Structures are given as C-alpha cells and as structure tokens.
Amino acid sequence: MENPIYQIQVRYAVECVKQLLPQVDTATSLVLVGDLSQCRLSRLDGVVREPIAVENPVFSASYGRLAIPLNGLNKYELKNNLLHRLGIRSLINDVQLERYGRLLFHAPNKFQEDAALSNWFQPHFVQELVNEGIITVTQSGIRAATTVAKRPFRFQFTYQ
C-alpha cells in the first residue's frame with residue numbers, strides 16, 4: 001500500500017522541520033530559498049549557495065538558494081544550534097526537503113500557504129505531528145510524486 005500525500009498547515013515551522021530531519025536519509029538536502037543574511041552555516045559540510053534574481057539589486061548579495069546535505073553532523077547542528085536562527089517564517093521564502101530531485105517536503109511563501117508532505121513520510125509519523133499540534137492536515141490522498149526540475153533562478157514543479 002502506498003502512503004498518502006498530505007497538504008498541511010504548519011503551526012510551528014521550526015519544530016516541524018526539526019521533526020522532519022530524523023525521518024530523512026543522507027541523500028536528502030534541505031533547500032532554503034530567500035534572504036540568507038542570517039544564515040551562518042560555516043560549521044556545516046557541503047553547503048552550496050547559489051544566487052537568485054531579486055527585484056532590487058541592492059539586496060542581491062543577501063538573497064540566494066542554499067542546499068544543505070543532511071548527513072549526521074549537519075542534521076545535529078541544524079536541529080540543535082542553527083535552525084531556530086535562520087528566520088524560517090520571516091526571511092526564508094521556500095523551505096524544501098529534496099532527495100534525488102524529488103520533493104519530500106515543500107513549504108512555500110514563508111509557510112503562509114499550505115505545505116506539502118510527500119508519501120515518503122509514514123502516516124503514523126504525520127499523525128504524531130498532528131497530535132502534538134505542530135501541523136494540521138488539510139487534505140490527503142494518493143497521487144504521483146512531485147519532482148523538481150531546475151530552471152534559471154526558479155523551480156518548475158512537474159508531476160510524473
């Protein structure tokens with residue numbers, strides 16, 4: 001049986017991402033898109049930062065796309081020391097967990113819109129998040145996985 005895909009409202013953004021980190025393997029990356037001015041990630045290994053286009057060129061140095069591989073040490077540092085300092089609800093526009101081009105989690109627009117949890121996550125884990133009050137499930141169902149294809153400075157979401 002295939003696990004359902006969920007549309008969720010995230011009540012506690014930092015806690016939600018903290019809970020998701022142990023559920024993914026080392027092939028997964030945490031992708032942050034937006035104002036990275038508060039990201040002091042020198043302790044993390046393999047971090048890749050890419051510039052993105054912004055309306056005002058004065059802020060172009062602060063904005064970008066950051067891909068953080070989730071190996072054991074990076075997960076520990078993010079969860080215990082760094083995640084709460086990144087400004088996930090105020091500065092980061094998009095938060096994604098990506099594994100081999102497949103979106104496992106996507107929270108657009110600073111968590112203001114519904115986020116998506118893929119079928120990677122077990123239903124009992126999602127129910128635990130609901131019971132703890134971290135998320136609210138707005139919709140669930142079985143459908144194709146969401147993949148991400150790179151375009152210059154944006155992402156194109158395709159269903160396969």
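Being a predicted model, the structure only gives us computed values, none of them experimental. The chain is numbered in sequence order, starting from 1.
Here the CG atom belonging to N119 is positioned 12.0 Å from the OG atom belonging to S140, to the nearest 0.5 angstrom. Here L78 contributes atom CG and H84 contributes atom NE2; the two are 11.0 Å apart, rounded to the nearest 0.5 Å. C16 contributes atom SG, which lies 4.5 Å from atom CZ of F105 (distance to the nearest 0.5 angstrom). To the nearest 0.5 Å, atom CG of residue L104 and atom CG of residue L30 are 11.0 Å apart. Taking CZ of R11 as the reference point, atom CD of E132 lies at 12.0 Å (rounded to 0.5 Å). Rounded to the nearest 0.5 Å, atoms CD (Q127) and NE2 (H124) are 11.0 Å apart.
Residues K110 and S90 share a closest heavy-atom pair of NZ-O, 3.1 Å. For A116 against Q7, the heavy-atom pair with the smallest separation is CB-OE1, 3.4 Å. Summarising the geometry of D94 relative to N109, their closest heavy-atom pair is OD1-N, 3.4 Å, with the distance given to 0.1 Å. Heavy atoms only, all atoms of each residue included: Q19 and F125 are closest at O-CZ, 3.4 Å. Residues A13 and I88 approach most closely at CB-CG2, 3.9 Å, considering heavy atoms. Between P108 and A115, the shortest heavy-atom distance links the atoms CD-CA, 4.3 Å.
Y12 and L91 fall into different hydrophobic clusters, where Ile, Leu, Val, Met, Phe, Trp and Tyr side chains are chained together by heavy-atom contacts under 4.5 Å. By the criterion of side-chain heavy atoms lying less than 4.5 angstrom apart, applied directly or through intervening Ile, Leu, Val, Met, Phe, Trp or Tyr residues, V48 is not grouped with L86; the two fall into different hydrophobic clusters. Using a 4.5 Å cut-off between side-chain heavy atoms of Ile, Leu, Val, Met, Phe, Trp and Tyr, with links allowed through other members, L73 and I68 fall into different hydrophobic clusters. In terms of hydrophobic clustering, with Ile, Leu, Val, Met, Phe, Trp and Tyr side chains grouped at heavy-atom distances under 4.5 Å, L82 and Y76 are assigned to different clusters.
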Item to complete: Given side chain to side chain contact (heavy atoms under 4.5 Å, CB included), test N81 with R43 step by step and report yes or no.
Response: CA-CA 10 Å; N81 300 321; R43 292 186 274 188; 4.1 Å; yes
Discussion item. For Q23 and T28: C-alpha separation, side-chain torsions, deciding distance, then whether side chain to side chain contact (heavy atoms under 4.5 Å, CB included) applies.
Written reply: CA-CA 10 Å; Q23 301 295 318; T28 307; over 6 Å; no
Practice prompt. Kindly determine whether V24 and K75 satisfy side chain to side chain contact (heavy atoms under 4.5 Å, CB included), including the steps that lead there.
Written response: CA-CA 10 Å; V24 296; K75 280 185 191 180; 4.3 Å; yes
Discussion item. Quick one, V126 with I135, criterion side chain to side chain contact (heavy atoms under 4.5 Å, CB included). Give me CA distance, side-chain angles, the key distance, then yes/no.
Written reply: CA-CA 8 Å; V126 176; I135 65 170; 4.0 Å; yes
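Between L20 and W120, every side-chain heavy-atom pair lies at or beyond the 4.5 Å cut-off. Side chains of L97 and L70 form a contact here, defined as non-hydrogen atoms less than 4.5 Å apart. A heavy-atom distance below 4.5 Å is not found between the side chains of I92 and L66. Side-chain contact between Y63 and N56 is absent, with no heavy atoms from C-beta onward closer than 4.5 Å.
By the 4.0 Å N-to-carboxylate-O rule, E98 lies close enough to R65 to be salt-bridged with it.
No donor-acceptor pair under 3.5 Å is formed between the side chain of D45 and the backbone N or O of N74. Listed for the K79 side chain is no donor-acceptor partner under 3.5 Å among the backbone atoms of P22.
Applying side chain to side chain contact (heavy atoms under 4.5 Å, CB included) to V95 and the options V31, V33, V17 leaves one that passes, V17.
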